[in-house]
Amino acid sequence: MIRLLLSGVFMLLQLSYAFSQGKFSIQRVEPLHWWVGMKSSDLQLIIYGKGIGKSTVKIKKQGLTLVKTNPVENSDYLFLDLSVDSDATAGFYPIEFYENNKLVGSYKYELKNRETSSVKAQGVHSDDLIYLIMPDRFANGNTKNDQIKGLREIQVNRDSMYARHGGDIDGVIQHLDYLADLGVTSVWLTPVLTNDMPQASYHGYANTENYHIDPRLGTNETYRKLGEELHKRNMKLVHDVVPNHVGLYHWTVIDKPFKDWLHEWPSFTQTTYKDQTIFDPYASAADRERMEKGWFVETMPDMNQENEYVQKYILQSHIWWIEYAGIDGFRIDTYPYNDLDFMAKWTVAIQKEYPQFSFFGETWVQSVPNQAYFLGGKRVGQSIDTKLDGVTDFQLNYAIADALNNEKDGANRLYATLGSDYQYPNPLANVIFLDNHDKDRFFSVVGEDIEKYKAAFSWLLTSRGIPQMYYGAEVLMKNFNRPDGLLREDFKGGFAGDTVNKFNASGRSDAENELFDHIKKLANYRKNNTVLQYGATQHYVPEHNVYAYFRSHENQVVSVFMNCNDKEVKLPLARFRESMKEATRMKNILTDIDQEIPLEITLKPHQTVVFELKK
């Protein structure tokens, strides 16, 4: 069905690594290359070319051993199980192809030396601040790659939220100093692999290639340069991976290796989006299967992660990018829709190569137990230990919105949600956020109230976990996801023709600079003080809709008082002596005012204050 639907030629990009000799032709070899000295010696190549599956194969050069040749249903594919010997050296290894005992062609496969001095796989932890960027909407650093002939979508139209706008990886690189100054320590780009899709290809979540950066964003070398430039600044690179699905025009979907490469149904069947069916003891098998194996949308085929060839293809491409580009951590898209048994194996295999590497999964679900179920550690009765470090903490995202918008009892929602942390194996590994590329911008969520918005960032940068902010949040970017997707507008100043430049203080309004400076002050304090990175948390039952919590580490204590009311509140401090311990003075981190600890403090409407306590 899919082959008939998508019949046509492959994109021109593929020709860059095609090889032919007479009637013998190889269109693809993936992974593009590999390395000597990896901890696992296993390597599986996908060879693609007309009739290649009918060939027999020999590798005569010592160092790369052919373990098994795997022909599959489609004779244009051949899967080779190889072993990279422990004494292998870098260089080219001829793979010879025979038909009827006659040599018909060969392909020189390259093994490279690992760049042992390069920085990579550091892991992303609670001492980081992640800045999320949609590269197409952030800054256009190279106008020459705006339109690429041969791709299905070539239009650039900044007046449409669903067209490409021209932002790219070079644009991100050019603004890394801006991010470092703000206090950012890690950059997460929405997926950057080629998305040769006819519409809305800008978002990246329907990749059609596993080993190539989308040419409208840059090249593989550009992406590697981004990693290098981040590491020069002691910053990290977070790579957005999508193991659950690919785009409808992925080359292995256009011409499948075998019938169960994908989860396919007699007619299009969409997932139910009901994560509960994965762990519901009363769920029907049919509901569970549709949740996990149904397609995310009609243009995103669901990968059959139970198939060992599919597993290897996904795993090796992710290891390849870590090694090639110096990636430090993965954000995993649509985590609950994956085969959890495979995800556990995938995680173990990656951490075998890179023990410090870290992962956080997107879990857009509706309760703490639902969210905790997908984490490693088997804390809530899971049948599978996924080994997953952390999740995108949607529950705290809902709670902070309630805290600032529910005048009656919002503080209790925040208190109760954080109080459920006992269900997580490591709450510090969860990523906390106000908004992202799918959620309404938080400035709009709080009714464009600057005091509420500053309170939200005070919470984000002092609470437990790994804080993540969405591009432009620091300059009051606003708008909602529905109906027109304006939450993905361009960062003003990143594109030719912009009348203002928000990357510079002179281009920002007074209110924007006020918020920018607020974030910068707290973010850089957090970056330089372990207490807000790994400190223990103690909080108090809210009274009069005021939430109070403390972070402590060794001799440092930081207190946070959040007024969730639209009126001024006088807050007595005697109740918090347990957390204040022997402190006699308090310094306001945002204003630098140092004073003796008073009997009470006054909080303005929706004000949040942050103090460093001292003896």
Side-chain angles (χ1 to χ4, degrees), residues 119-133 176-189 227 229-240 322 326-332 351 354-361 375-376 388-393 396-397 418 421 424-434 436 456-470 473-474 518-539 549-560 589-590 610-613:
V119 178
K120 57 178 172 283
Q122 301 173 92
V124 178
H125 308 291
S126 57
D127 54 357
D128 285 300
L129 167 59
I130 300 171
Y131 191 87
L132 166 59
I133 297 173
L176 291 183
D177 288 340
Y178 163 85
L179 297 179
D181 178 63
L182 183 60
V184 170
T185 69
S186 298
V187 171
W188 156 24
L189 305 185
E229 291 296 325
L230 283 164
H231 294 148
K232 285 180 185 177
R233 295 166 173 80
N234 294 317
M235 299 166 77
K236 298 174 183 177
L237 177 59
V238 178
H239 186 76
D240 203 333
I322 298 170
I327 293 163
D328 296 297
F330 283 159
R331 180 264 188 183
I332 309 165
Q351 290 190 324
Y354 310 102
Q356 303 307 312
F357 198 82
S358 64
F359 314 78
F360 61 95
L375 285 163
L388 181 64
D389 298 321
V391 293
T392 50
D393 202 333
L396 278 177
N397 173 262
L418 198 70
D421 270 8
Y424 301 127
N426 179 16
L428 291 177
N430 283 359
V431 172
I432 59 176
F433 61 100
L434 302 176
N436 61 27
F457 271 102
S458 295
W459 168 83
L460 181 73
L461 294 167
T462 59
S463 192
R464 66 95 178 115
I466 308 170
Q468 170 253 300
M469 58 186 294
Y470 186 36
E474 71 278 14
H518 179 92
I519 294 171
K520 178 179 176 180
K521 189 71 177 280
L522 272 178
N524 280 285
Y525 179 88
R526 187 181 184 281
K527 183 166 67 173
N528 295 308
N529 287 273
T530 309
V531 64
L532 291 182
Q533 301 167 5
Y534 296 103
T537 298
Q538 188 171 44
H539 64 171
Y549 61 95
F550 294 75
R551 304 290 305 278
S552 60
H553 181 73
E554 296 180 346
N555 295 323
Q556 276 191 298
V557 179
V558 168
S559 63
V560 183
I589 292 172
L590 289 162
V610 185
F611 295 104
E612 180 182 82
L613 304 184

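Scanning both residues, M235 and L179, for their nearest heavy atoms gives CE-CB, 4.1 Å. In terms of heavy-atom proximity, E474 sits nearest to M469 at OE1-CE, 3.6 Å. Nearest heavy atoms, G123 versus D128: O-OD2, 4.2 Å.
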Inset, instruction - Report the C-alpha distance between I133 and Y470 in whole Å, list the side-chain angles of each, state the deciding distance to 0.1 Å, and finish with yes or no for side chain to side chain contact (heavy atoms under 4.5 Å, CB included). - result: CA-CA 7 Å; I133 297 173; Y470 186 36; over 6 Å; no
Legend entry - Verdict with reasoning, D389 to S358, per side-chain hydrogen bond (donor to acceptor under 3.5 Å, both in side chains): CA-CA 7 Å; D389 298 321; S358 64; 4.8 Å; no
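Note that the CG atom of L532 and the CZ atom of R526 stand 6.5 Å from one another [nearest 0.5 Å]. A distance of 8.0 Å separates CG in L132 from CG in D240, rounded to the nearest 0.5 Å. Here the CG atom belonging to L182 is positioned 7.5 Å from the CG atom belonging to N524, to the nearest 0.5 angstrom. In this structure, NZ in K521 is found 14.0 Å from CD1 in I519, a value given to the nearest 0.5 Å. Residue F433 holds its CZ atom at 10.0 Å from CG of L460, rounded to the nearest 0.5 Å. Note that OG1 of T185 and CD of Q533 are 8.5 Å apart. Values are rounded to the nearest 0.5 Å.
A side-chain donor-acceptor contact under 3.5 Å links Y525 and E612. Looking at T462 and Y549, their side chains do bring a donor and an acceptor atom within 3.5 Å of each other. A donor atom on one side chain and an acceptor atom on the other are found under 3.5 Å apart for Q556 and N529. Looking at T537 and R551, their side chains do bring a donor and an acceptor atom within 3.5 Å of each other. At a cut-off of 3.5 Å, with distance as the only test, no side-chain donor of E554 or Y534 sits close to an acceptor on the other residue.
Residue Q122 is tested with N234, D328, L237 for a side chain to side chain contact (heavy atoms under 4.5 Å, CB included); the sole match is D328.
Taking the six-membered ring for Trp, F360 and W188 have ring centres closer than 6.0 Å. Side-chain rings of F330 and F357 approach one another, their centers coming within less than 6.0 Å.
Atom CG of N555 has 12 or fewer neighbouring heavy atoms from other residues, nucleotides or ligands inside a 6.0 Å radius.
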